[in-house]
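As a basis for the values below, the full set of heavy atoms in this structure was taken, side chains included, without hydrogen atoms, waters or symmetry mates. Predicted, not measured: the structure shown is a model, and the values here were computed from it. Lettering follows sequence order; numbering is per chain, from 1.
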Protein chains: 2
Amino acid sequence: MASTRKSTRKPKRTKQTYCWGALKTEGNATHKELLGGKGANLAEMTNIGLPVPPGFTIPTSMCAAYYDEGGKFPTGLDKSIVKAIKQVEKETGKTFGSQSNPLLVSVRSGAAVSMPGMMDTVLNLGLTDEAVLGLIELTGNERFGWDAYRRLINMFGDVVMGMDHESFEHEFSIVKKKHGVKLDTELSAEGLKEVCQRYKRAYRKHVGEDFPQDPTKQLTLAVEAVFKSWNTSRAKSYRQINDITGLQGTAVNVQAMVFGNMGRDSGTGVAFTRNPSTGVDKFFGEFLIDAQGEDVVAGIRTPKPVSQMTRWNKRIFNELLKIKKILEKHYRDMQDIEFTIERGKLWMLQTRTGKRTAAAAVKMAVDMVRSRLIARDEALLRIPAGDLVQLLLPSFTTKSKKDVKMLTKGLPASPGASTGTLAFSAEDAVARSESGENVLLVRKETSPEDIDGMHHAVGILTSTGGMTSHAAVVARGWGKCCVAGASALHINAARKTVTIEGKTYGEKDVLSIDGGTGEVMLGKVERHEPKLSGDFETIMKWADQKRRMKVRTNADSPADAARARGFGAEGIGLTRTEHMFFEGDRILAMRQMILAETKELREEALARLMPYQRDDFVGIFTAMKGCPVTVRLLDPPLHEFLPHDAAGQKDVAKAMGIKVATVKRRVQQLHEFNPMLGHRGCRLAVTYPEILVMQVTAIVQAMIKCKKKRIDAKPEIMIPLVGIQEELKTLRQLTADTIKAVVKKEGYKGKLNIPIGTMIEIPRAAIVSDQIAEYADFFSFGTNDLTQLTYGFSRDDINSFLPHYIDDAILERDPFQTIDVDGVGALVKRGVEGGRQTKKGLKIGICGEHGGDPKSVEFCNTVGLDYVSCSPFRVPTARLAAAQAELR
Amino acid sequence: MASTRKSTRKPKRTKQTYCWGALKTEGNATHKELLGGKGANLAEMTNIGLPVPPGFTIPTSMCAAYYDEGGKFPTGLDKSIVKAIKQVEKETGKTFGSQSNPLLVSVRSGAAVSMPGMMDTVLNLGLTDEAVLGLIELTGNERFGWDAYRRLINMFGDVVMGMDHESFEHEFSIVKKKHGVKLDTELSAEGLKEVCQRYKRAYRKHVGEDFPQDPTKQLTLAVEAVFKSWNTSRAKSYRQINDITGLQGTAVNVQAMVFGNMGRDSGTGVAFTRNPSTGVDKFFGEFLIDAQGEDVVAGIRTPKPVSQMTRWNKRIFNELLKIKKILEKHYRDMQDIEFTIERGKLWMLQTRTGKRTAAAAVKMAVDMVRSRLIARDEALLRIPAGDLVQLLLPSFTTKSKKDVKMLTKGLPASPGASTGTLAFSAEDAVARSESGENVLLVRKETSPEDIDGMHHAVGILTSTGGMTSHAAVVARGWGKCCVAGASALHINAARKTVTIEGKTYGEKDVLSIDGGTGEVMLGKVERHEPKLSGDFETIMKWADQKRRMKVRTNADSPADAARARGFGAEGIGLTRTEHMFFEGDRILAMRQMILAETKELREEALARLMPYQRDDFVGIFTAMKGCPVTVRLLDPPLHEFLPHDAAGQKDVAKAMGIKVATVKRRVQQLHEFNPMLGHRGCRLAVTYPEILVMQVTAIVQAMIKCKKKRIDAKPEIMIPLVGIQEELKTLRQLTADTIKAVVKKEGYKGKLNIPIGTMIEIPRAAIVSDQIAEYADFFSFGTNDLTQLTYGFSRDDINSFLPHYIDDAILERDPFQTIDVDGVGALVKRGVEGGRQTKKGLKIGICGEHGGDPKSVEFCNTVGLDYVSCSPFRVPTARLAAAQAELR
């Protein structure tokens with residue numbers, strides 16, 4: 001009985017390793033959460049009979065346990081690893097640390113979601129002073145043996161022990177000099193052996209102890225290093241930027257080594273089963289002969305396209321094509337694979353769903369539907385809606401390219417067209433872009449340390465590395481323009497210059513890069529709007545058939561309105577009127593209005609502003625004819641229109657013929673401690689009703705003008721910042737009275753239907769939405785301000801703590817980008833419910849920036865909004881996201 | 001059938017007049033909403049057999065109808081008035097407009113709630129060129145007839161037609177001069193007749209038509225004037241200040257005139273059935289012989305106390321005493337009456353529940369319970385909780401009075417003790433008080449135009465008028481100190497001086513007035529804390545027995561804590577720690593902390609601040625021993641502690657031995673656009689955890705110090721501005737860790753129980769309160785900030801629109817004074833529900849200023865808060881309000 005009791009108490013033991021191999025495989029592709037994408041797919045490939053070197057995965061739960069215990073190895077994991085290694089020894093017939101037939105392994109991280117930010121890989125693990133002799137004996141290749149050993153010491157020191165890569169490079173160059181050679185590959189076995197000695201000395205010097213001669217100790221340390229790499233700032237930064245949340249940690253994959261660098265009959269490569277940039281269904285990738293995998297990814301040597309592989313080994317190429325078919329059929333998607341050929345035998349090292357540009361995603365989705373690989377709904381769900389923005393990005397015009405000097409050409413690593421001054425370090429890119437400059441980040445190659453700089457730059461230009469280099473992969477993920485491997489570039493990062501064909505360019509020079517062609521040009525190149533593919537139209541059509549919500553745009557000018565219409569906008573959800581007052585003479589009249597001491601003087605200035613407003617509205621109504629245009633009345637506090645510096649105040653005083661002191665006094669009077677919470681929005685219209693009257697007059701006159709030209713203008717008047725029923729009641733009455741008065745004065749005989757609604761952007765408005773709905777023909781959620789007030793965050797001021805909040809995971813993500821469902825979302829929900837309780841079927845939309853964010857669009861669909869409104873370039877994103885929301 | 005259909009369609013006709021009199025009375029005291037307080041009580045008094053001149057009331061519904069129709073007389077009202085006048089003719093045997101026995105009437109406003117702001121009364125209405133002859137014939141008194149007529153023209157012109165009072169005064173003085181007399185009363189019948197002629201001319205000149213000779217037209221115009229007076233800005237202002245909402249309008253009372261000015265056997269008076277200032281059960285009032293009622297109220301002649309009436313007419317005095325008894329027994333409350341004696345016959349003109357000081361309210365309530373007139377619960381409900389603050393007001397010490405010069409003595413019109421510089425107009429009082437000055441408003445007499453100035457002044461001093469003058473009544477209503485009728489004062493408002501016994505004082509001179517004694521003193525007089533009466537303690541004891549909620553106080557110093565404890569506070573609900581950093585050396589250490597560039601330097605400065613904080617806490621814990629003390633951690637943004645002017649920055653730089661540029665840069669770095677929404681509250685502790693660690697260390701060390709001295713310190717730590725669960729989770733952990741560390745370091749062996757909770761002041765916190773409650777031992781609603789964010793109102797900036805909002809009734813009242821139940825209240829409710837959903841029985845309080853506002857306290861009780869916390873002087877108010885909330 002005692003023992004029974006004991007056994008029921010004992011917690012179910014978590015499995016600590018999952019092996020794969022010809023003899024035994026424990027995982028499969030469905031175990032991604034636990035085994036990481038890489039581990040799950042290695043098991044899966046083994047399961048479906050592909051040639052995969054055996055190994056095992058330490059699951060993500062172990063990483064979580066490691067952190068839960070404050071950075072200690074979970075109990076029993078040591079023993080489990082030893083046991084798993086035994087299984088790999090059985091699969092391979094080799095022995096870990098053996099002097100005759102040593103088993104070497106690689107150690108790689110692998111989370112459930114692919115993360116290029118975590119590159120901590122160690123190869124050749126298991127080599128020791130003794131085992132290296134065994135490897136030499138086994139391969140009969142002394143040079144190979146010592147090369148493998150020095151690589152291990154280098155990688156282990158660098159990745160596991162955090163040593164500076166430079167210390168090893170330094171030793172290597174001493175030996176090369178001593179032996180009188182220039183290239184690494186020219187160094188003899190003897191030289192490489194010497195390198196190993198020097199590396200071990202460097203290791204001891206920096207680490208404080210000898211390079212471990214116990215292979216199990218090497219392995220344990222490497223596994224821990226992978227665990228640790230999960231929470232490095234670069235990994236966290238990548239997860240943040242890519243909005244990856246909810247993972248418990250990384251898995252660790254330990255796999256028997258195969259060598260692509262065992263001579264000319266060996267090689268290594270990475271490939272996509274279709275073109276990840278265009279989506280064309282053609283095997284696409286690169287390989288290197290006599291090289292290890294990391295050589296391709298790191299972009300140190302420039303690899304050859306796989307299409308050229310037939311010249312080297314046609315059998316292998318055909319075998320790869322066969323595997324491509326098996327994989328695509330099995331995974332029903334394009335795959336990104338890594339492979340190695342060891343002495344003529346092909347080994348698969350990785351498969352995963354391949355990253356792709358938006359254009360490729362669209363094409364593949366349509367192609368796969370046509371070839372009946374997937375259904376339409378799946379096709380729609382598979383395209384990341386947010387990425388569609390890429391397709392709308394401008395590109396350079398062919399004509400304007402002729403006018404500039406072509407400097408060189410690199411690889412078209414990520415499409416787009418960017419122009420900027422040059423930044424030669426990530427830090428500079430961040431600093432200068434934050435001060436408003438458009439910069440191109442120019443680097444020999446990029447590494448995870450550069451992530452932040454890459455994010456800030458308008459484009460990325462590298463001199464080495466291929467289509468799958470770090471720079472290319474990351475840039476494509478973001479839809480950022482990138483030209484990689486432009487080998488004509490000679491970059492001197494210290495001096496902050498780049499020399500191309502003898503001419504040197506510095507920080508202030510302007511270059512343009514074309515990520516679709518790889519061209520690098522001097523100066524600014526004119527860009528044109530993108531042409532959308534037929535596949536894009538197809539996807540949009542499918543999306544439109546599925547979605548329930550309408551998609552409108554936020555546009556303040558006829559040009560923006562027209563562009564958005566081209567992208568499929570079904571109306572304008574937000575026209576801000578304040579921008580209209582800044583141009584030319586208008587700002588003077590506006591300032592005159594604000595500085596006026598009496599209602600009469602204010603009305604005089606407003607009368608001068610009215611025709612400008614009216615003509616603006618005519619333009620927008622015309623561009624949007626037939627579609628609704630929601631005009632928001634004046635919103636910002638008046639002081640935003642006044643000059644705050646002495647010189648500006650002097651100018652205004654002079655132009656208006658009043659005293660500088662008067663201007664100053666008024667500016668002081670209007671000063672606010674918290675303008676966000678001050679005299680703005682409908683509060684302006686309550687205190688200065690004449691402003692509302694002018695704006696409404698302009699809208700109605702514009703509508704009548706359009707109607708007379710048979711243009712179907714459909715304005716809707718939106719009153720901002722309402723928090724109290726009486727505000728809307730009063731202003732609605734004034735608006736309706738003004739409409740009536742203008743119609744009468746204009747002698748217009750037809751009927752004008754102008755809905756009058758309000759923004760719901762004050763928490764109170766959402767709470768008492770049932771009251772407010774009594775006087776509203778529609779609601780539009782202004783989630784920017786609603787988020788500010790619900791959190792008590794000023795967008796202008798959060799930089800002092802928000803980054804800290806994200807770093808410390810106090811906030812999962814910036815609530816201004818994706819709607820905060822628990823807080824702000826609850827208010828939106830209450831707003832909708834209250835509004836429709838009073839008026840069943842009340843039209844409700846959203847016009848905050850969340851309207852173009854896919855996750856937020858999904859939320860909007862869930863709570864039953866009628867439409868979302870977003871910036872023009874986000875319209876296709878919103879259309880697709882709205883469809884996906886319905887499908888989910 | 002047709003007729004049946006017709007009659008069902010016809011709307012129920014609203015009754016347009018309600019008469020009272022010996023023959024027929026249609027209303028009673030329960031009809032206050034409809035007939036107004038005055039009208040309902042006139043009917044009631046008639047019903048219970050008191051002598052009331054007959055008349056009729058036009059109900060409040062007619063006023064509402066008048067406004068509904070855009071300022072037009074409701075259909076049929078004309079005819080109803082004529083019919084009602086006929087009834088009064090029947091009751092009196094007189095005829096309206098008759099040349100032989102004319103019926104004269106008074107026209108008075110009368111809303112459901114007494115409003116001294118509306119004084120539009122017209123007497124003697126019905127007199128015409130013909131009727132005046134009838135009056136003379138009837139009374140045999142020519143002088144009386146013409147005097148009555150000139151009074152009518154004057155009042156009618158002034159009150160009904162909006163003429164300037166001055167135009168009449170001017171004419172009167174011409175005639176007086178011509179006849180060589182000084183006083184009005186010295187003028188002969190002939191002179192008064194001439195005055196009438198001149199008044200009529202002046203009337204024609206200003207109004208543009210003749211003074212109406214049709215008495216019905218007079219009446220119609222007067223009724224309309226009463227309707228109009230409902231919405232004058234002074235009436236609206238009074239309703240606003242006194243928080244009177246929800247009324248539909250004023251009623252109009254038309255009543256047969258009786259004359260107190262028919263000779264030495266006539267008179268008029270106003271009285272309270274008990275002393276309204278002290279509550280003593282003694283008939284209290286004033287009367288004038290041979291005068292009309294308005295003479296007493298307007299304060300033009302100084303009346304005699306009613307106690308002296310026995311010398312004049314003992315029969316009448318006894319009759320009044322009898323009526324007092326009847327009224328108090330009938331109304332079960334102290335009454336405020338108006339009466340007139342016409343040729344020896346007593347007439348009651350008004351009775352209403354009398355206004356009283358808080359002290360009187362308390363005494364009367366206790367007395368009436370003791371005499372079994374009312375029950376305890378009713379006694380508690382009858383005292384306006386907000387008025388209790390008056391009782392706690394300081395008064396001058398007898399000793400310090402000896403040190404100053406006594407200038408003169410007036411009437412002790414409203415208790416309290418005030419010291420201030422002198423303002424001679426309402427405008428000056430407003431302007432100077434708003435710029436921070438304490439001013440006494442010094443006026444000959446006050447009128448409704450002065451309301452705003454009276455509200456702003458710290459005290460009111462008048463040279464004419466009695467205890468029931470406008471100044472006295474209004475001041476008592478507010479609990480503001482007032483000395484009235486100080487006849488030694490010679491005020492020159494134009495020159496802004498007052499001369500007392502030959503010495504002249506100007507705007508900059510400081511006087512002190514004692515509203516309890518009527519003394520006027522030169523210079524500042526030392527004040528002492530009020531002594532609370534036994535009756536007050538009785539009421540508080542009764543309240544404490546009834547209330548469910550606890551009452552705490554907001555106090556930042558031992559002195560405040562001790563005072564609040566004396567007022568019955570059961571703990572501290574909010575100790576702000578930021579004030580503690582401003583004194584002496586501390587501000588330098590604080591600034592050093594803020595200016596520090598590294599965590600180490602910051603910790604160094606914090607270490608210097610810690611002992612100050614600890615000693616402050618020892619003081620507060622000691623003052624509050626045995627009671628909980630909620631300490632709020634640092635809340636305001638750091639820039640509030642830095643000097644913003646060049647000189648201040650230079651000083652800091654010098655004191656700290658750093659560059660001015662460094663100080664400047666840091667000030668700039670810390671600048672925020674919307675500090676209310678910026679880097680403050682718990683956001684500081686998240687980014688600078690060392691600040692929290694210092695504060696918590698100080699709290700724990702202070703607690704241990706107290707414990708060692710056997711002082712029962714009960715701190716609670718409150719983390720401000722939480723909006724996200726993770727904020728509280730992180731900071732709670734840090735707080736708990738710090739407590740543990742300090743206890744260990746101090747080697748303290750006992751157990752310290754320190755609850756850790758949070759303020760709910762961000763809308764999001766209220767919304768996700770279920771999540772936040774997981775890490776909170778208690779909630780405290782910070783309704784100041786919650787109101788700011790829920791409305792999107794910055795308290796610092798609302799003056800540009802809030803007064804407008806109140807004037808236009810967009811807001812019924814300032815939401816920072818009384819909680820907005822629909823909006824902010826809904827969040828509080830949700831906060832409570834969510835919090836207790838997670839933790840049943842979670843302790844929840846409020847520490848915003850609403851905690852001392854009776855209506856808000858009632859709301860807090862309704863939603864189930866455990867305690868309210870308010871400023872020390874508000875504690876008794878909160879105790880009583882909490883009891884009243886339970887009783888309602």
Chain B contact via A:Val768 - which portion, at a heavy-atom distance below 4.5 Å: side chain
Taking heavy atoms only and a threshold strictly under 4.5 Å, list by residue number the residues of residues 813-823 of chain A that touch chain B; give 'none' if the list is empty. A:Asp820, A:Asp822, A:Gly823
With respect to chain B, which residue among A:Thr790, A:Leu684, A:Leu670 yields the maximal number of heavy-atom pairs within a distance under 4.5 Å? A:Thr790
Using a 4.5 angstrom heavy-atom cutoff, name the option from A:Gly681, A:Gly792, A:Ala809 with the most pairs to chain B. A:Gly792
Is atom NZ of B:Lys664 surrounded by more than 12 heavy atoms (other residues, nucleotides or ligands) closer than 6.0 Å? no
One option among A:Arg830, A:His671, A:Arg683, A:Glu761 has the most heavy-atom pairs under 4.5 Å with chain B, and it is A:Arg683
Can I get a per-line list of side-chain donor-acceptor pairs under 3.5 Å for residues 721-731 of chain B, giving both atom names and the distance, sequence neighbours left out?
residue	atom	partner	partner atom	Å
B:Gln725	NE2	B:Gln771	O	3.0
B:Glu727	OE1	B:Gly723	N	2.7
B:Glu727	OE1	B:Ile724	N	3.1
B:Glu727	OE2	A:Tyr805	OH	2.5
B:Thr730	OG1	B:Glu726	O	2.7

Please identify each residue that fulfils ring-ring contact (aromatic ring centres under 6.0 Å, His included) with A:His804, with sequence neighbours left out. none
Count the heavy-atom pairs under 4.5 Å between each of B:Ala826, B:Ala765, B:Ser794 and chain A, then report the option with the highest count. B:Ser794
Which atoms of A:Leu677 approach chain B - backbone, side chain, both or neither, heavy atom under 4.5 Å: both
Qualifying residues under side-chain hydrogen bond (donor to acceptor under 3.5 Å, both in side chains), relative to A:Gln788, sequence neighbours excluded: A:Asp785
So, for A:Phe801 and B:Thr687, which heavy atoms are closest and what is the spacing to 0.1 Å? CB-CG2, 3.8 Å
Calculate, to the nearest 0.5 Å, the distance between atoms CG and CD1 belonging to A:Asn674 and B:Ile798 respectively. 11.5 Å
Give, as side chain, backbone, both or neither, the part of B:Leu811 having an atom under 4.5 angstrom from any heavy atom of chain A. side chain
For chain A, which of B:Ile767, B:Asp808, B:Ile810 has the most heavy-atom pairs under 4.5 Å? B:Ile810
Quick check: closest heavy atoms across A:Gly678 and B:Asp797, and the distance to 0.1 Å? CA-CB, 4.3 Å
Measure the CZ-OG1 distance between A:Arg764 and B:Thr787 for me, rounded to the nearest 0.5 Å. 10.0 Å
